[in-house]
Amino acid sequence: MSELRTYDNAQLLHHWPQLPHLDDEVVCFVGNFDNRRYPHNERYFNRELMLVLLTAGHSEIRLNGRPVSLSAGTVLLHGPDYLTDHRSLSSDLEYMALSLSESLWAEEPALSRIVAQLLLTMRRDDDCTLRLSPYAAEHLRSELEALMSLLDSDHRFLRRRVQVHCEALLLDVADWLSHKTVVREHVSRRDRLLREFHALATKYFREEHSVGFYADRLAVSRQYLTRVLRAETGRSVNEILSELQLMEARNLLLTTTLQVGEVAAQLGFGDAAVFCKFFRRHVGCTPLAFRRSRGV
């Protein structure tokens, strides 16, 4: 199984600095099967607001444990703190992606409201996808292309101009979403439990490490939660939480100057020695040795 990684604009631009962007707050780009921004079977923890329009081909992913099928003309939209597991994709895959950091949209009230409305609607409908008409798909493609051109310009008021463009683009998505016919699929108790556990885990993994906390929140026994997670994911509750903690630990060790004890505190370990033992057991070296091995 591939290593769980963190996905954010800063890391995206570290690998592909030529992508159209505004600092590390907005990145907009085109990709295809041979030129995608994640390896096949990559699993990552997303920290940004993501909008992806498939323009050709198809892809199968799991989003917070839920299977999602994407085909040409489909928009995928979700907020930060989602676990994405890429399962399969076709060789004719083509897509356009927009990745927005909260620092850009949260400071502008109108843009913040439309983002909140979109995410609330998606959560209410329990669906992060929207199937567009050919006209709407072409319109969205044009808007994303215009945004990429804007990001590559030397507009004097670029930041504000980008915020206005993103607001207009997301308002169009909200309009299309308002006309969507919601088909209520039957979701089994086990599937709903899996989705709700992933949502809780991605929110609380830094401070809550016990199976009991999640079982109590989900109103099930520890044994039942453990059994469902093992059957559906092949991993236990503790293994999933440990994977998230290790992902965050690696990210903090490589991208910040925090001392090991400070990293331990951010991840809910009361004692740095306990954190070091945990890290070494899973990674094979101490946090300091891990930093040195990566040239940090």
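Numbering of residues begins at 1 and proceeds along the displayed sequence.
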Report task. Return yes if some donor-acceptor pair links the side-chain N/O of Arg131 with the main-chain N/O of Ala72 below 3.5 Å, else return no. Result -> yes
Query raised in the report: Just checking, any donor-acceptor pair under 3.5 angstrom between side chains of Gln11 and Asp24?
Result: no
Query raised in the report: Heavy atoms, side chains only, cut-off 4.5 Å: are Phe290 and Arg250 in contact?
Result: yes
Report task. Decide whether Thr129 and Asp127 meet the rule of one side-chain donor and one side-chain acceptor closer than 3.5 Å. Result -> yes
Report task. Please assess Val260 against Thr286 for the test side chain to side chain contact (heavy atoms under 4.5 Å, CB included), listing each intermediate value before the final yes or no. Result -> CA-CA 10 Å; Val260 170; Thr286 66; over 6 Å; no
**Report entry** Test item: His139 side-chain N/O and Ala137 main-chain N/O as donor-acceptor pair under 3.5 Å
**Finding:** no
Query raised in the report: With a 3.5 Å cut-off and no angle check, do the side chains of Glu107 and Gln163 form a donor-acceptor pair?
Result: yes
Query raised in the report: CG of Leu170 to CG of Leu77: how many Å apart, nearest 0.5 Å?
Result: 7.0 Å
Query raised in the report: Closest heavy-atom contact between Leu244 and Phe205?
Result: O-CE1, 3.4 Å
Report summary line: When rounded to the nearest 0.5 Å, the distance separating CG of Leu53 from CG of Leu51 is 7.5 Å
Query raised in the report: Can Ser236 and Asn238 be said to form a side chain to side chain donor-acceptor pair (under 3.5 Å), step by step?
Result: CA-CA 5 Å; Ser236 68; Asn238 284 329; 5.3 Å; no
Requested in this report: Look at the side chain of Thr255 and the backbone N and O of Asn251, then say whether any donor-acceptor pair between them is shorter than 3.5 Å.
Outcome: yes
**Report entry** Expected output: side-chain Ser142 to main-chain Glu138 donor-acceptor under 3.5 Å
**Finding:** yes
Query raised in the report: Does any N or O in the side chain of Ser101 come within less than 3.5 Å of the main-chain N or O of Ser103, such that one atom is a donor and the other an acceptor?
Result: no
**Report entry** Salt bridge present between Arg235 and Glu243 (N-O < 4.0 angstrom)
**Finding:** yes
**Report entry** Sub-4.5 Å side-chain heavy-atom contact between Met122 and His78
**Finding:** no
**Report entry** Any donor-acceptor pair under 3.5 Å from Thr84 side chain to Phe45 backbone
**Finding:** no
**Report entry** Verify same cluster id: Val164, Val115 (apolar side-chain graph, 4.5 Å)
**Finding:** no
Query raised in the report: Are the ring centres of Tyr82 and His198 closer than 6.0 Å?
Result: no
Report task. Answer whether the closest heavy-atom distance between the side chains of Met148 and Met96 falls below 4.5 Å. Result -> yes
Report summary line: Heavy-atom nearest pair, Arg291 first then Thr256, reads NH2-O, 3.0 Å
Requested in this report: Applying side chain to side chain contact (heavy atoms under 4.5 Å, CB included), run through Leu144 and Leu169 and close with a yes or a no.
Outcome: CA-CA 8 Å; Leu144 291 168; Leu169 184 154; 3.7 Å; yes
Query - Arg159 side chain near Leu22 side chain, heavy-atom distance below 4.5 Å - result: yes
Query raised in the report: Heavy atoms, side chains only, cut-off 4.5 Å: are Leu63 and Leu83 in contact?
Result: no
Report summary line: Residues Leu93 and Ser59: closest non-hydrogen pair is CD1-CB, 4.4 Å
Report summary line: Nearest heavy-atom approach of Leu13 to Asp23 is CD1-O, 3.1 Å
Query - Shared hydrophobic cluster, Val173 / Leu120 (ILVMFWY, side-chain heavy atoms < 4.5 Å) - result: no
Query - Gap between atom CG of Leu147 and atom SG of Cys28 - 0.5 Å precision - result: 4.5 Å
Query - Test log, rule side chain to side chain contact (heavy atoms under 4.5 Å, CB included), inputs Leu100 and Glu25 - result: CA-CA 6 Å; Leu100 297 178; Glu25 295 183 300; over 6 Å; no
Query raised in the report: Got a second to check how far Cys166's SG is from Leu104's CG, nearest 0.5 Å?
Result: 6.0 Å
Report task. Starting at CD of Glu248, measure out to CG of Leu267 and round the result to the nearest 0.5 Å. Result -> 6.0 Å
Query - Crowding at NE2, His282 (>12 non-hydrogen neighbours, <6.0 Å) - result: yes
Query raised in the report: More than 12 heavy atoms of other residues, nucleotides or ligands under 6.0 Å from CZ of Arg206: is that the case?
Result: yes
Query raised in the report: Do Leu76 and Met50 touch side chain to side chain, with heavy atoms closer than 4.5 Å?
Result: no
Query raised in the report: Is there a side-chain contact between Gln266 and Leu258, using heavy atoms and a 4.5 Å cut-off?
Result: yes
Query raised in the report: What's the spacing between Glu167 CD and Leu111 CG if we round to 0.5 Å?
Result: 6.0 Å
Requested in this report: Verify the neighbour count for atom CZ of Arg281: are there more than 12 heavy atoms of other residues, nucleotides or ligands below 6.0 Å?
Outcome: yes
Requested in this report: Could you tell me whether Arg189 sits above the aromatic face of Tyr224, with NZ or CZ closer than 6.0 angstrom to the six-membered ring centre and within 45 degrees of the axis?
Outcome: yes
**Report entry** Derivation and outcome, side chain to side chain contact (heavy atoms under 4.5 Å, CB included), residues Trp176 and Leu140
**Finding:** CA-CA 11 Å; Trp176 298 325; Leu140 182 56; 4.0 Å; yes
Report task. Using the six-membered ring wherever Trp is involved, compare the ring planes of Tyr204 and Phe213 and label them parallel, tilted or perpendicular (cut-offs 30° and 60°). Result -> perpendicular
Query - Name of the residue among Glu60, His58, Arg87 meeting side-chain hydrogen bond (donor to acceptor under 3.5 Å, both in side chains) with Ser69 - result: Glu60
Query raised in the report: Would a distance-only check, ignoring hydrogens and angles, find a side-chain to backbone donor-acceptor pair under 3.5 Å from Ser153 to Leu150?
Result: yes
Query raised in the report: Any salt bridge between Glu239 and Arg230, counting N to O under 4.0 Å?
Result: yes
Requested in this report: Name the orientation class of the two ring planes belonging to Phe275 and Phe279 (parallel below 30°, tilted from 30 to 60°, perpendicular beyond 60°).
Outcome: tilted
Query raised in the report: Under 4.5 Å between any side-chain heavy atoms of Leu194 and Arg62, yes or no?
Result: yes
Report task. May I ask you to check whether Phe269 and His209 place their ring centers less than 6.0 Å from one another? Result -> yes
Requested in this report: Locate the shortest heavy-atom distance separating Gly57 from Asp92; write the atom from each residue and the value.
Outcome: CA-OD1, 3.3 Å
Report task. Write down the atom of Ser99, the atom of Asn9, and the distance for their closest heavy-atom approach. Result -> OG-OD1, 2.6 Å
Requested in this report: Please state whether the rings of Tyr214 and Phe197 are parallel, tilted or perpendicular, taking 30° and 60° as the class boundaries.
Outcome: perpendicular
